[in-house]
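See structure below.
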Amino acid sequence: MKNKNRRALISAVLFLTLFLIICAIFLVIRISRKGNNLEIPFMWKNETMAFSSADQTAMETDDSLASSLCFGGDNISNENVELIGNERGALFSLDERKVLFSKDMHQQIYPASITKLMTAILALKSDKMEETVTINWRDLELESGSQVVGFRIGDQVSMKNLMRGLLIHSGNDAAQAIARTVGGTQEKFVTMMNEELLKIGCTNSHFTNPTGLHDENHYTTVYDIYLMLNEAMKYDEFVNIIQVSVYDLQYKDAEGNEKHVTLDSTDKYLTGEVEPPKDVTVLGGKTGTTSAAGNCLSVISRNAYGQFFISVIVRAASKEDLYKDMNLLLMQINS
């Protein structure tokens, strides 16, 4: 009887020991995975398929990742990257929270329409996203040749479609209508922009308008562009919109007639005009071009291992140079 009890006790001890060992191994794996940022921060879904091409889907962001910042010096070398001419840029690993490359990333530059990242952030933070906006003459006060959606006075446009006009087609008329709606006046909105810049850490930036049209007192840095895009990623609606290559925007004119306009993305990765490097997926971002700013681009990308990156190129002399050097940065994310 004693032997039977002893064997039962030994069996129970062995079972408990084995159970504790398995639990310990599982705990170590969990801690290790979190420490190395292996958990995928984006989930893919198909809700926006009606608005985009057949191979596009939408992503949701993990707020804890999007709020974790990369820090680095003005110039961080990479033996495989050399930006040409007056270009500046940087590559940020969101999973590692690390700057992988930078060239003059804390030096002030003109942002052109990358400014619209901040316009979008303030719209998404506001309580105006369910409103319908009546376009007025102030929204259309733009310099000749400005990029526009094509709205006219009296048009009735939802804020959500203004956001698509802003981010997909970089419409300056959409930007000004959003600014007036959110801020009350463009002047008040600009004050809100500069307050928000400071809140998210963009201490080397100052904006004078919601569009990015040139002004000597309207400036930012490569690093501050990263901070703006990183902040915008916290909003699912932003992330969904920036992945769309073409969109049929519907609205009503002053007489109540149904109107529509086809918006093509200004991002050549999304339109298929430029191919990213092998095993790199460009998810979207924001473009910008003026004669003073040059050609600018900031994008979110994913490598073959499911890790996410932000990359920025500004002051490129041409679109060809812009995408050539952006691809040079993107080639580094699988190495």
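Remember, it's a predicted structure, so these values are computed and weren't measured experimentally.
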> Salt bridge or not for Glu131 and Lys128, using N-O below 4.0 Å?
Replying inline: yes

> Taking atom types as modelled, is there a side-chain donor on Thr211 or Asn209 under 3.5 Å from an acceptor on the other?
Replying inline: yes

> Shared ILVMFWY cluster between Tyr269 and Leu328, side chains joined below 4.5 angstrom?
Replying inline: yes

>> Applying side chain to side chain donor-acceptor pair (under 3.5 Å) as the test, list every pair that has at least one member in residues 79-88; sequence neighbours left out.
In response: Asn80-Gln332

>> Measuring from atom NZ of Lys286 to atom OG of Ser113, what distance do you get when rounded to the nearest 0.5 angstrom?
In response: 5.0 Å

> Is the shortest distance from a Lys or Arg side-chain nitrogen in Asp139 or Arg180 to a carboxylate oxygen in the other one below 4.0 Å?
Replying inline: yes

> For the atom pair CZ (Phe309) and CD1 (Ile333), what is the distance rounded to the nearest 0.5 Å?
Replying inline: 5.0 Å

> Within a strict 4.5 Å, meaning less than it, do heavy atoms of the Leu100 and Val81 side chains meet?
Replying inline: no

> Do other residues, nucleotides or ligands put more than 12 heavy atoms under 6.0 Å from Met331 CE?
Replying inline: no

> Just how far is it from atom CE of Met192 to atom NZ of Lys188, taken to the nearest 0.5 Å?
Replying inline: 10.5 Å

> Which residue pairs pass the salt bridge (Lys or Arg N to Asp or Glu O under 4.0 Å) test when at least one of the two sits in residues 196-210, sequence neighbours left out?
Replying inline: Lys125-Glu196

>> Side chains of Thr220 and Ile109, heavy atoms from C-beta outward: is any pair under 4.5 Å?
In response: yes

>> Could you tell me if Gln107 and Asp74 have a donor-acceptor pair between their side chains, going purely by distance under 3.5 Å?
In response: yes

> With a 6.0 Å cut-off on ring centres, are His214 and Tyr110 close enough?
Replying inline: yes

>> I'd like to know whether Asp155 forms a salt bridge (Lys or Arg N to Asp or Glu O under 4.0 Å) with Lys259, so could you lay out the CA-CA distance, the side-chain angles of the two residues, the decisive distance to 0.1 Å, and finally the verdict.
In response: CA-CA 9 Å; Asp155 286 345; Lys259 307 286 286 187; over 6 Å; no

> Do Leu94 and Asn230 come within less than 4.5 Å of each other through their side chains, counting heavy atoms only?
Replying inline: yes

> Between Phe71 and Val99, does a side chain to side chain contact (heavy atoms under 4.5 Å, CB included) hold up when you go through it step by step?
Replying inline: CA-CA 6 Å; Phe71 297 97; Val99 183; 5.8 Å; no

> In terms of hydrophobic clusters joined by side-chain contacts under 4.5 Å, are Met228 and Val282 together?
Replying inline: no

>> Starting from Ile121, can I reach Tyr219 by hopping between I/L/V/M/F/W/Y residues whose side chains sit under 4.5 Å apart?
In response: no

>> Quick check on Glu320: does its CD atom have over 12 non-hydrogen neighbours (other residues, nucleotides or ligands) under 6.0 Å away?
In response: no

> Ring centroid separation for Phe151 and Tyr251, is it under 6.0 angstrom?
Replying inline: yes

> Roughly how far, to the nearest 0.5 Å, is the CE atom of Met129 from the CG atom of Asp127?
Replying inline: 11.0 Å

> Just how far is it from atom CZ of Arg138 to atom CG of Leu142, taken to the nearest 0.5 Å?
Replying inline: 14.0 Å

> For Tyr226, what residues pass the ring-ring contact (aromatic ring centres under 6.0 Å, His included) criterion, not counting sequence neighbours?
Replying inline: Phe92, Tyr223

> Does a side-chain heavy-atom distance below 4.5 Å link Gln147 with Thr266?
Replying inline: yes

> Is there a donor-acceptor contact under 3.5 Å linking the side chains of Gln156 and Thr134?
Replying inline: yes

>> Working to the nearest 0.5 angstrom, can you tell me the gap between Lys278 NZ and Leu330 CG?
In response: 16.0 Å

> Would you say Ile114 and Leu91 are hydrophobically clustered, going by side-chain heavy atoms of ILVMFWY under 4.5 Å?
Replying inline: no

> Given side chains that start at C-beta, do those of Ser170 and Lys116 come closer than 4.5 Å, heavy atoms only?
Replying inline: yes

> Are side-chain N/O atoms of Thr289 and Lys319 paired as donor and acceptor at under 3.5 Å?
Replying inline: yes

>> Under a plain distance cut-off of 3.5 Å, with no hydrogens placed, do Ser102 and Asn75 share a side-chain donor-acceptor pair?
In response: no

